[in-house]
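Taking it in order: structure first as structure tokens, then the write-up.
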There are 2 protein chains.
Amino acid sequence: MKHDVSPDTIPPRSHEAKRASIMDAAGEVFCRESFAGANIDMIAAEAGVSRQTIYNHHGDKEKLFVAIVRDLTERCNAGIFATISTFPDQPKDLEADLIAFAVRMNRNCICNRDGKFLRKLIQTEGERYPELFAEWREQGPGRTWPAIAARFARLAHAGFLDIEDPDVAARQFLALANAELQTTFMLGGTPDDDEVLQSATHGVRTFLRAFGKRQPAAEAQKHSALAGA
Amino acid sequence: MKHDVSPDTIPPRSHEAKRASIMDAAGEVFCRESFAGANIDMIAAEAGVSRQTIYNHHGDKEKLFVAIVRDLTERCNAGIFATISTFPDQPKDLEADLIAFAVRMNRNCICNRDGKFLRKLIQTEGERYPELFAEWREQGPGRTWPAIAARFARLAHAGFLDIEDPDVAARQFLALANAELQTTFMLGGTPDDDEVLQSATHGVRTFLRAFGKRQPAAEAQKHSALAGA
DNA sequence: ATAAATTTAGACACTATTGTCTAATTCGTC
DNA sequence: GACGAATTAGACAATAGTGTCTAAATTTAT
């Protein structure tokens, strides 16, 4: 976090570094203490910056809070779309590939710092800032879910899956992948790699029991119809 | 004795009525404003009670908060166990019965006032009161999930379902039933009956595609083996 | 009816926090 | 090294909230 290598002087940081440092600290503190519980001095201390600097940058507490949420929303969305682009369109091993995808999604978008913070802030302050969080809803789930649904639709069309409603399937995929992490999320914890893998594995297996073809699509297309039980 | 006919005076309420009224108002306010954002005057006003009365009953803000969480936990647990007792052990129409069960669970335990409040308080303040919420975890999910799992295990044993791990299946059942309510929950909203029914219907269908037998158990047992595709 | 317990409004001391201001310092850049 | 911009510590007024205390009013039980 803080590299104090110099013996007596504090290492100077640029304007931008301070800006970033304020965003980091504010995210942390708002998340930990809630908007009302957070105070500017705490954020300033955690950012290693004077209180006045925060007021110079952001005007007041509420503007700072809004900036944090916008920033987190953007970063999370970027991460989610980056992860969606790794969706297995031509899976070699459908189960393994979907499990790996679910794990990536969880690790890089849901359980990471930004994901955790954004989730917490939405849950905690969502009702107090309807317009801000309506914005999140549009930019977030409103765009990511259809994107995931489109990938599942493609997979189904290619014969790997048997899906009627890709939107429903996408939501259920995510719900199943997280099914065993709910309690941990509730309490603000971060599940370890093993829990994430477990939940993803169980979730994907169930998902494939519901929506999988009996055989891999490539095989199925070669051998035409064997239709086993 | 108990005739409130007085025309111009505010109807007096008993000690116990005030106690309940404080609990109600405090739940509401803590939930809406978070612990730090809530203040005693607000609660007193909402409860129609003087501030001092709250201090008389509960000592201080933190003790009041703890009392609220304990109360909500208890009430929610009671509701969940009551609902679990309506689990369809001898289903006539497995899909319809499970959907109805999922709807009851959502309506009476997750989406109702107590469920919503408890969820919000756990999410918001969980990290600040580890021991209190550890208690919730034990009393809540720690006892309800196994109870639900046991019902699914029985259903599987009776030949209605094909389940390896009932604990996993139970968690996934709940996750699927709520899959389409996540965003609404996030923002603190209350889904209407139609959304609840939709989500439950889709969730249970997927659940049965994954874990259902091809035929109703009764039939399957009579006709022994037909094993259709 | 009367006594005991509870509730009430309001004042109160105390603390915490926000947001502003200033004067000195440090930084980035030429 | 010199200049303007950014940052700093600290004081500051203004506000809001907690928890206590009082004396009067009201409720409950005897």
Side-chain angles (χ1 to χ4, degrees), chain A residues 2-26 28-68 125 128-129, chain B residues 1-26 28-68 124-125 128-129:
Chain A
K2 289 176 186 170
H3 310 270
D4 288 8
V5 212
S6 36
D8 49 326
T9 65
I10 299 115
R13 291 162 307 159
S14 73
H15 183 74
E16 284 314 312
K18 275 173 209 258
R19 174 161 236 101
S21 161
I22 291 170
M23 298 299 274
D24 276 8
E28 193 97 33
V29 174
F30 277 135
C31 184
R32 196 177 58 227
E33 313 282 346
S34 87
F35 178 80
N39 69 303
I40 304 286
D41 293 294
M42 213 185 286
I43 295 172
E46 202 142 323
V49 139
S50 84
R51 179 180 49 224
Q52 187 59 50
T53 299
I54 293 180
Y55 283 107
N56 288 344
H57 280 235
H58 291 99
D60 67 16
K61 190 179 174 184
E62 186 158 325
K63 291 207 193 77
L64 173 60
F65 177 74
V66 171
I68 299 303
E125 314 291 345
R128 199 190 319 285
Y129 296 87
Chain B
M1 292 278 192
K2 292 183 179 178
H3 302 272
D4 289 7
V5 222
S6 29
D8 52 325
T9 64
I10 298 114
R13 293 160 306 156
S14 70
H15 184 74
E16 283 313 312
K18 278 176 209 254
R19 172 162 236 99
S21 164
I22 290 170
M23 297 298 272
D24 276 9
E28 193 96 33
V29 174
F30 278 135
C31 182
R32 196 175 61 227
E33 314 281 347
S34 85
F35 179 79
N39 68 300
I40 303 287
D41 293 292
M42 213 184 287
I43 295 172
E46 202 141 323
V49 138
S50 83
R51 178 178 52 224
Q52 187 59 50
T53 301
I54 294 181
Y55 284 106
N56 288 344
H57 280 233
H58 291 100
D60 66 17
K61 191 178 174 184
E62 185 157 324
K63 291 207 193 75
L64 172 59
F65 178 76
V66 170
I68 300 301
T124 307
E125 314 292 346
R128 201 190 319 285
Y129 296 87

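Reminder, nothing fancy here: chain letters follow the sequence lines and each chain counts from 1.
- In terms of position along DNA chain D, the nucleotide closest to E16(A) lies nearer the 5' end than the nucleotide closest to the other residue of the pair M42(B) and E16(A).
- The CG atom of L64(B) sits 10 Å away from the P atom of dG19(D) (whole-angstrom rounding).
- In terms of heavy atoms, V49(A) sits closest to K18(A) at CG2-CG, 3.9 Å.
- The separation between H58(B) atom NE2 and dT18(D) atom P is 15 Å, rounded to whole Å.
- The distance from atom CG of D60(B) to atom P of dG17(D) is 17 Å, rounded to the nearest whole Å.
- Atom-to-atom, CD1 of I40(A) to C1' of dA16(C) comes out at 13 Å; the value is rounded to the nearest Å.
- Distance N39(A) CG to dA16(D) P: 17 Å, rounded to the nearest Å.
- Straight-line distance from the CD atom of E33(B) to the P atom of dG17(D): 10 Å, rounded to whole Å.
- Closest of all the heavy-atom pairs between R128(A) and R32(B) is NH2-O, 3.5 Å.
- In this structure, the helix from dA1(C)-dT30(D) to dC30(C)-dG1(D) shows an angle of 40° between the axis at its start and the axis at its end, each fitted on 5 base pairs and rounded to 10°.
- In this structure a side-chain-to-backbone donor-acceptor pair under 3.5 Å is present from K61(A) to F35(A).
- Under the side chain to side chain contact (heavy atoms under 4.5 Å, CB included) criterion, N39(B) pairs with D41(B), M42(B), not counting sequence neighbours.
- You'll find that the side chain of S50(B) is closest to dT8(C), out of dG19(C), dT18(D), dT8(C).
- Considering every non-hydrogen atom in both I22(A) and I43(A), the closest pair reads O-CG2, 4.4 Å.
- In this structure D60(A) satisfies the side chain to side chain contact (heavy atoms under 4.5 Å, CB included) test together with E62(A), K63(A), sequence neighbours excluded.
- For the pair N56(B)/Q52(B), a side-chain contact is recorded, criterion being any heavy-atom separation below 4.5 Å from C-beta on.
- Under the ring-ring contact (aromatic ring centres under 6.0 Å, His included) criterion, the residue pairs touching residues 36-62 of chain B are H15(B)-H57(B), with sequence neighbours excluded.
- Looking at heavy-atom distances under 4.0 Å, A38(A) makes contact with sugar-phosphate atoms alone, never a base.
- Heavy atoms only, all atoms of each residue included: A47(A) and S21(A) are closest at O-OG, 2.8 Å.
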Just the table, please: protein N/O against nucleotides 3-6 of chain C N/O, every pair under 3.5 Å.
| from | atom 1 | to | atom 2 | distance (Å) |
| --- | --- | --- | --- | --- |
| dT6(C) | O3' | H15(B) | ND1 | 3.3 |

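- Closest approach of S34(B) to S34(A), counting heavy atoms only: OG-OG, 3.3 Å.
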(message) Base contacts versus sugar-phosphate-only contacts with protein, heavy atoms under 4.0 Å: please encode nucleotides 20-25 of chain C as B, S and - from 5' to 3'.
(response) BB----
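- For the pair F30(B)/T124(B), no side-chain contact is recorded, criterion being any heavy-atom separation below 4.5 Å from C-beta on.
- In this structure, CZ of R19(A) is placed 17 Å from C1' of dC27(C), rounded to the nearest angstrom.
- One can place CZ of F30(A) at 9 Å from P of dT18(C), the figure rounded to the nearest angstrom.
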